[in-house]
Amino acid sequence: MSNNNKVYISELTNSVGKEVTLAGWLYQARSSGKVLFLIIRDGTGLCQCIVEKGKIPDELFEQLKRLGQESSLMLTGTVRAEQRSVGGYELSVTNAEIICPTEGYPITPKSHGVDFLLKNRHLHLRSHRQWCIGRIRHTVIDAIRRFFNDNGFILIDTPIITTIVGEDQQSLFEVDYFGSPMHLAQTGQLYVESAAMSYGKVYCFGPTFRAEKSKTRRHLTEFWMVEPEVAFIDLPALLELAENFVSFIVAQVLQNNRSDLETLGSDIASLEKITPPFYRLTYTDAVDILTGQKTKDFLAEQLNDLQTQKQQTESRIAELETEQTGQIKQWKKDKIAAELIELCAGLAETNTKIENNPRHAALAAEFRWGKDLGGSDETIISQMHDKPIFVTHYPKRAKAFYMKTDPKNDKVVENFDLLAPAGFGEIIGGSIREDDHDLLLRRIGEQGLNPETYNWYLDLRKYGSVPHGGFGLGVERTIAWVTGEKHIRQCIPFPRMMDKVYI
RNA sequence: UCCCCGAUAGCUCAACUGGUAGAGCGAGCGGCUGUUAACCGCUAGGUUGUAGGUUCGAGUCCUACUCGGGGAGCCA
């Protein structure tokens with residue numbers, strides 16, 4: 001077969017009426033006697049290919065009819081616009097070449113469990129949803145680089161094997177470095193700070209490792225983080241940078257991945273609202289909100305909604321169960337059974353929320369100034385807003401040693417978290433850094449860290465110290481928020497979770 | 001670290017208070033010229049996570065363990 005007319009599915013719009021060759025994998029196949037409907041994927045999209053008996057040799061028709069899912073093949077035919085077809089185009093096949101016939105591909109077009117799919121992650125990446133998420137991930141990462149590169153930032157690659165504790169000593173991954181204990185980087189921040197004193201505006205972007213014993217939908221032990229750092233910046237300007245940055249990422253995804261977002265069922269209308277300015281709250285405001293009547297009412301209303309939702313689901317389940325016992329076709333029964341499984345899963349989730357609601361309400365009401373905001377507190381604040389929220393000026397004792405004490409109030413630091421809206425929670429943490437040598441040294445001591453390890457970091461405060469600051473954005477959390485994907489593990493090709501690495 | 005739930009065919013799940021282990025998908029064979037997770041007929045496919053216990057009898061009850069899911073805590 002000649003490869004001269006080979007095109008990608010994404011380019012079919014330019015080939016209507018022409019004879020072309022597609023090379024790809026069989027994603028799905030249906031047959032209706034003398035017509036085969038083969039859906040092909042080639043990495044750029046899906047295309048339904050029509051094979052009619054009589055238009056190709058009989059022997060080839062029989063081979064194609066028996067072809068298993070994920071067989072690789074090349075199909076030649078004429079391109080036609082077709083509304084009914086996935087992607088909007090169809091290929092009327094005139095010739096075909098089977099490259100590798102496949103039998104027993106484990107991931108079928110039916111539903112599968114989480115564990116099974118993670119064990120088959122190397123194959124699951126081919127599935128349509130995962131493919132869409134991967135394309136959005138690509139856009140997010142490209143947008144991150146583009147934003148900083150176009151705004152005068154210099155990329156600095158920070159080390160992965162390191163001696164310093166950037167965040168928390170409990171969550172370090174130890175590495176045996178020729179007999180000496182070292183660990184994997186929890187952040188590149190301290191290194192980008194020194195680079196900021198050379199270039200002014202810098203960022204690092206790479207994998208980050210945290211051995212947190214957190215088994216939640218928002219945690220990975222290996223994740224990607226981008227950390228800009230700017231010399232001569234104050235907190236208001238840093239917030240402005242962060243909101244422009246996040247808005248740019250969302251805009252790029254909306255521009256480049258609209259069909260992926262649609263496939264995933266993402267909330268596009270909400271994403272379109274993500275423009276500066278974002279909401280700004282101080283930690284103290286947040287505490288007032290959490291302990292105030294508004295939150296009480298909000299949670300009570302939410303509980304009400306959940307109860308209604310629960311009742312609706314339950315009556316629907318009862319309805320289906322009655323229907324199931326009647327005289328109906330077996331396939332119809334199975335459809336009902338499948339719907340029931342889905343409804344029951346939804347019901348379980350609603351029940352968990354109902355169970356958690358009073359607990360979260362109690363936690364919020366009893367919240368006292370000085371504690372770090374818990375996961376549920378963040379969720380509540382984020383649910384009460386339709387745009388991202390900056391929470392600034394946290395109590396000093398809940399935060400890392402390098403954050404600058406607020407000159408106007410020495411109980412708080414000049415930091416911020418950015419909470420994504422609609423209950424998603426934190427995607428950015430950042431701060432102005434302590435630039436006074438003696439204050440920083442004291443903070444290092446207070447945290448029980450060894451000052452000698454930080455000699456080079458303290459040097460930055462000895463030789464031309466300037467006000468500076470930066471933040472870190474979690475890539476997978478951002479992708480999960482933008483796509484509406486429930487679990488962060490779907491947002492990285494090969495996830496590493498607490499106690500669990502599949503492949 | 002704690003709490004809750006689960007483990008049955010390759011996959012997703014049934015099997016009421018203990019009584020012969022089933023269905024769909026997938027696989028194989030056959031039918032159907034416009035299917036959208038197509039449909040219809042037939043066939044194959046199981047030591048019910050592991051180890052013990054109770055019982056005439058255990059997928060079902062009890063104990064321990066292993067693995068998984070969800071949540072809490074903790075944490076960007």
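None of the values given here were measured: they were computed from a predicted structure. Chain letters run A, B, ... following the sequence lines, proteins first, then strands; residues in each count from 1.
- A donor atom on one side chain and an acceptor atom on the other are not found under 3.5 Å apart for A:E229 and A:Q189.
- In a base pair of the Watson-Crick type (N1 to N3 plus N6-O4 or O6-N4) or a G-U wobble (N1-O2 and O6-N3), with each distance short of 3.5 Å, B:C61 is matched with B:G53.
- When both pairing distances are held under 3.5 Å, B:G68 makes a Watson-Crick or G-U pair with B:C5.
- The separation between A:K119 atom NZ and B:G69 atom P is 9 Å, rounded to whole Å.
- The side chain of A:R359 contributes no N or O atom lying less than 4.0 Å from OP1 or OP2 of B:C4.
- Between A:G68 and A:G33, the residue anchored nearer the 5' end of RNA chain B, judged by the nucleotide with its closest heavy atom, is A:G68.
- Among the protein residues, A:F37 comes within range of the nucleic acid bases, having at least one heavy atom under 4.0 Å from a base atom.
- A:H219 has no side-chain polar atom (N or O) that falls below the 4.0 Å cut-off from OP1 or OP2 of B:C74.
- Contacts of A:G474 with the nucleic acid, taken as non-hydrogen atoms under 4.0 Å apart, include base atoms.
- In this structure, A:I160 and A:P207 have side chains that are in contact, with non-hydrogen atoms separated by less than 4.5 Å.
- Here, B:U50 and B:A9 have their P atoms 11 Å apart, quoted to the whole Å.
- Residue-level contact check: A:H128 touches neither bases nor backbone, having no heavy atom under 4.0 Å from any strand.
- Shown here is A:K371, whose NZ atom has more than 12 heavy atoms of other residues, nucleotides or ligands within 6.0 Å.
- Across all strands, A:R80 comes closer than 4.0 Å to base atoms (heavy-atom distances).
- With both ends at atom P, the span from B:G41 to B:C32 equals 16 Å, rounded to whole Å.
- Across all strands, A:E227 comes closer than 4.0 Å to no nucleic acid atom at all (heavy-atom distances).
- Rounded to an integer number of Å, the gap from CD of A:Q83 to P of B:U35 is 16 Å.
- There is no side-chain donor-acceptor pair under 3.5 Å between A:T392 and A:R280.
- Nucleotide B:G34 holds its P atom 18 Å from the CD atom of A:Q28, rounded to whole Å.
- For a distance-only test at 3.5 Å, the side chain of A:Q48 fails to qualify as a donor-acceptor partner of the base of B:U36.
- Between A:Y402 and A:Y457, a ring centre-to-centre spacing not shorter than 6.0 Å is recorded.
- Across the protein-nucleic acid pair, A:L118 atom CG and B:C67 atom C1' stand 14 Å apart, rounded to whole Å.
- With RNA chain B read from its 5' end, the first of the two nearest nucleotides for A:T216 and A:F116 is the one closest to A:F116.
- A:L363 comes within 4.0 angstrom of the backbone, heavy atoms only, and of no base.
- Looking at heavy-atom distances under 4.0 Å, A:S31 makes contact with a base.
- Regarding contacts with the backbone of B:U35, every side-chain N or O of A:R30 stays at 4.0 angstrom or more from both OP1 and OP2.
- Atom name C1', nucleotides B:A58 and B:G31: the rounded distance is 44 Å, in whole Å.
- Only the C1' atoms considered, B:G22 is 15 Å distant from B:C16, to the nearest whole Å.
- The environment of A:Q307 atom CD is dense: over 12 non-hydrogen atoms of other residues, nucleotides or ligands sit within 6.0 angstrom.
- Among the nucleotides B:C25, B:C32, B:G34, the one closest to any side-chain atom of A:T108 is B:C25.
- With rounding to whole Å, A:L36 atom CG is found 15 Å from B:U36 atom C1'.
- Taking atom C1' on both nucleotides, B:U55 is separated from B:G70 by 35 Å, rounded to a whole Å.
- Using a 4.0 Å heavy-atom distance criterion, A:R84 is classed as a base contact.
- Remark: side-chain polar atoms of A:S85 are not paired, donor with acceptor, to backbone N or O of A:E82 under 3.5 angstrom.
- Within the 4.0 angstrom heavy-atom criterion, base atoms lie near A:K215.
- Rounded to whole Å, atom C1' of B:U36 lies 15 Å from atom CD1 of A:I40.
- Listed candidates were B:U33, B:A72, B:A38. Nearest to the side chain of A:H360 is B:A72.
- For B:G46, there is no paired nucleotide, since no Watson-Crick or G-U wobble pair has both relevant distances below 3.5 Å.
- At B:C29, one or more side-chain N or O atoms of A:R66 fall inside 4.0 Å of OP1 or OP2 (strictly under the cut-off).
- Nucleotide B:G24 has B:C11 as its partner under the Watson-Crick or G-U criteria, with both atom distances under 3.5 Å.
- The interatomic distance linking A:F367 (CZ) with B:G73 (P) rounds to 12 Å, in whole Å.
- Formation of a donor-acceptor pair under 3.5 Å by the A:D377 side chain with backbone atoms of A:L373 is not found in this model.
- Considering only side-chain atoms of A:H112, the nucleotide from B:G70, B:U12, B:G34 that sits closest is B:U12.
- Distance check on atom P: B:U36 versus B:G46 gives 32 Å, rounded to whole Å.
- Between the CG atom of A:L38 and the P atom of B:G34 there is a distance of 16 Å, given to the nearest Å.
- With hydrogens and angles left out, the side chain of A:E103 and the base of B:G10 share no donor-acceptor pair within 3.5 Å.
- Rounded to a whole angstrom, the distance from the C1' atom of B:C40 to that of B:G24 is 15 Å.
- When heavy atoms are screened at a 4.0 angstrom cut-off, A:G113 is found touching the sugar-phosphate backbone but no base atom.
- Taking atom C1' in both B:C74 and B:A37, the straight-line distance is 42 Å, to the nearest Å.
- Aromatic rings from A:Y454 and A:F401 are positioned such that their centres are separated by under 6.0 Å.
- In this model, the phosphate group of B:A27 is not approached by any side-chain N or O of A:Q69 to a distance below 4.0 Å at OP1 or OP2.
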